[in-house]
2 protein chains.
Amino acid sequence: MLTTHSLLERTLGHKKRAIRKGAILKVEGDTSRQTFYVREGWLAASQSLPDGDRQILEFVLPGETYDPTGADGRTSFVKIEAPCEAVVVAMDTSAWTRLLQDHPDLWLEERRAANAVQARRAERMLRMGKSSAETRIAYVLIELYLRLSKGEPSEKHGFHVPLTQKDLGDYAGLSSVHVCRTLRRLSRQGVITTGDHMNICVHDMSTLADLADVDLGTLRREIVPTSA
Amino acid sequence: MLTTHSLLERTLGHKKRAIRKGAILKVEGDTSRQTFYVREGWLAASQSLPDGDRQILEFVLPGETYDPTGADGRTSFVKIEAPCEAVVVAMDTSAWTRLLQDHPDLWLEERRAANAVQARRAERMLRMGKSSAETRIAYVLIELYLRLSKGEPSEKHGFHVPLTQKDLGDYAGLSSVHVCRTLRRLSRQGVITTGDHMNICVHDMSTLADLADVDLGTLRREIVPTSA
DNA sequence: CGTTCAGTTGAGTTGCTTCAACCCGTGTGG
DNA sequence: CCACACGGGTTGAAGCAACTCAACTGAACG
């Protein structure tokens with residue numbers, strides 16, 4: 001089975017670039033038509049209001065690609081930055097598109113990944129529109145956990161989130177102060193513990209799932225692309 | 001130029017179905033793998049919380065297609081309903097996918113449409129996360145106006161929204177009561193007037209754009225697919 | 001040892017929600 | 001033909017969740 005990963009490792013691996021924390025890979029409104037593939041670390045795709053408020057639309061995790069092209073096929077309207085150190089491959093979108101058209105397997109895989117992105121945004125929007133801060137944070141933690149553990153459930157449910165609480169707030173639609181309060185409340189309830197630098201350990205996954213209004217199995221099938 | 005519209009009108013037109021207002025075309029979690037093409041009227045793709053709260057993710061307008069497939073390639077996790085009378089073509093997603101692979105033009109067109117969907121969700125999420133009710137409503141009105149007028153700016157800026165205020169609220173992330181208050185405020189300010197059954201007329205598009213934190217030209221290029 | 005950056009916590013404010021009442025146009029059945 | 005119910009819109013009042021502002025802590029770093 002040809003996967004995005006194996007193909008890119010073979011053919012484009014030499015183009016990889018190390019990215020510093022806080023680096024901006026692409027600004028809103030430029031026309032360079034790049035598609036990004038993340039090998040290590042995370043990227044954040046965000047959009048901002050004139051007053052500077054930022055909404056993070058998507059985190060791009062290791063092994064994922066992100067094509068920020070807008071509806072005119074030329075311009076990208078999102079900003080892409082690195083919330084932590086990362087290693088990425090930046091490739092020309094038209095080359096990438098040709099590659100996809102030549103490899104139906106790959107195309108299907110990317111189509112599913114795109115569906116997963118849609119589904120994640122949908123779930124997050126649902127909670128941004130209708131749910132409390134506790135539900136939003138619980139959902140975001142579960143989403144990240146599922147994506148990071150890619151269907152291989154670990155025993156400890158511990159994972160590292162290489163983000164500040166401000167970043168997390170910009171993803172969940174909350175202020176950093178309220179992210180802090182909400183994490184503290186979850187931790188006081190014994191659902192999670194937080195370690196240094198946003199190391200999060202989930203102690204009671206089923207309570208967290210309840211808080212997030214989520215069925216774990218269903219959500220996994222919905223938002224984590226299956227390579228099957 | 002082969003377009004989705006012309007192709008579907010020729011080959012699939014006979015499969016069209018008339019849909020009654022309030023009809024549910026697809027429930028959350030089914031596996032029927034249908035892609036919808038809307039000829040007349042609107043469809044709404046929504047997702048709900050266990051307690052019944054609903055978030056409308058996308059309106060599907062005449063001439064648009066919508067594929068609700070999730071990340072596992074089988075199941076759809078969104079509900080699709082008709083907020084008003086509609087005429088749609090429901091086709092098998094795998095047939096549709098084959099069609100796309102056989103027609104690169106079509107594929108590109110749909111890819112751009114998908115990019116536009118992403119961009120619209122991004123803009124809406126940005127405002128749901130960071131903006132006031134006034135901004136959210138102003139944005140939604142402009143989004144719908146741009147999509148309905150498809151790059152052909154009309155003089156009068158009047159258009160019909162076949163939705164209840166509850167529907168609009170479920171789209172913008174507000175209660176129906178607050179949608180009402182916000183529309184009244186906009187109308188008191190002279191920016192819009194509202195007629196019977198949600199006939200909306202924008203009198204001061206530039207003020208509305210300011211309220212929405214939007215640049216009209218940029219937004220059009222971003223969220224309205226170009227057939228060029 | 002001072003500075004900076006992220007997290008934590010308290011106090012006060014506000015914007016949106018909920019609840020509830022009322023209006024109006026439409027449909028419907030006695 | 002009138003009575004009534006119903007759905008959707010409008011408005012007021014009250015409550016609360018999340019925000020802002022601000023002060024403090026601790027860790028990291030030159």
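Just so we're on the same page: letters track the sequence lines, and every chain starts at 1.
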Exercise for the section: Apply the test side-chain contact (heavy atoms from CB on, under 4.5 Å) to residues A:L148 and A:W42: give CA-CA distance (whole Å), side-chain angles for both, the deciding distance (0.1 Å), then the verdict. Expected result: CA-CA 11 Å; A:L148 289 170; A:W42 296 19; 3.9 Å; yes

Practice task
Dump the intermediate steps for side-chain contact (heavy atoms from CB on, under 4.5 Å) on A:E222 and B:T75, then the final yes or no.
Solution key: CA-CA 8 Å; A:E222 183 181 0; B:T75 322; over 6 Å; no

Practice task
With heavy atoms under 4.0 Å as the rule, sort B:S176 into base, sugar-phosphate or nothing.
Solution key: nothing

Exercise for the section: Check the side chains of A:E123 and B:Q47 for a donor-acceptor pair under 3.5 angstrom, ignoring hydrogens and angles. Expected result: yes

Fill in the blank from the handout: Rounded to whole Å, CE of B:M198 lies from C1' of D:dG7 at a distance of 14 Å

Completion exercise
side chain to side chain donor-acceptor pair (under 3.5 Å) test vs A:Y171 passes for just one of A:E58, A:E143, A:Q55, namely A:E143

Handout entry: Main-chain N/O of A:R136 paired to A:R127 side chain as donor or acceptor, under 3.5 Å
Key = no

Exercise for the section: Using a 4.0 Å heavy-atom cut-off across all strands, classify A:R184 as base, sugar-phosphate, or nothing. Expected result: sugar-phosphate

Handout entry: Criterion side-chain contact (heavy atoms from CB on, under 4.5 Å) on B:L25 and B:F36, from CA distance to verdict
Key = CA-CA 10 Å; B:L25 279 75; B:F36 298 95; 3.7 Å; yes

Practice task
Round to a whole Å and report the spacing from CZ of A:R181 to P of D:dC19.
Solution key: 10 Å

Handout entry: Which residue lies more 5' along DNA chain C, comparing A:C180 with B:S132 via nearest heavy atoms
Key = A:C180

Handout entry: Range on DNA chain C touched by chain B, heavy atoms, distance below 4.0 Å
Key = C:dC16 to C:dC19

Fill in the blank from the handout: B:K21 atom NZ is separated from D:dC6 atom C1', nearest whole Å, by 13 Å

Problem - Rounded interatomic separation in angstrom, taking CG from B:L183 and C1' from D:dG9 - result: 10 Å

Exercise for the section: Start with the C-alpha gap between A:S187 and A:T193, add the side-chain angles, then the distance that decides, and say whether side-chain contact (heavy atoms from CB on, under 4.5 Å) holds. Expected result: CA-CA 5 Å; A:S187 130; A:T193 45; 5.7 Å; no

Practice task
Please report, rounded to the nearest Å, how far the C1' atom of D:dC16 is from the NE2 atom of A:H178.
Solution key: 11 Å

Practice task
Would you please confirm or rule out a distance under 4.0 Å between OP1 or OP2 of D:dT10 and any side-chain N or O of B:Q165?
Solution key: yes

Exercise for the section: Give the rounded distance in Å between these two atoms: CG of B:D167 and P of D:dG7. Expected result: 14 Å

Exercise for the section: Please determine if a side-chain N or O atom of A:S175 lies less than 4.0 Å away from the OP1 or OP2 oxygen of D:dC19. Expected result: yes

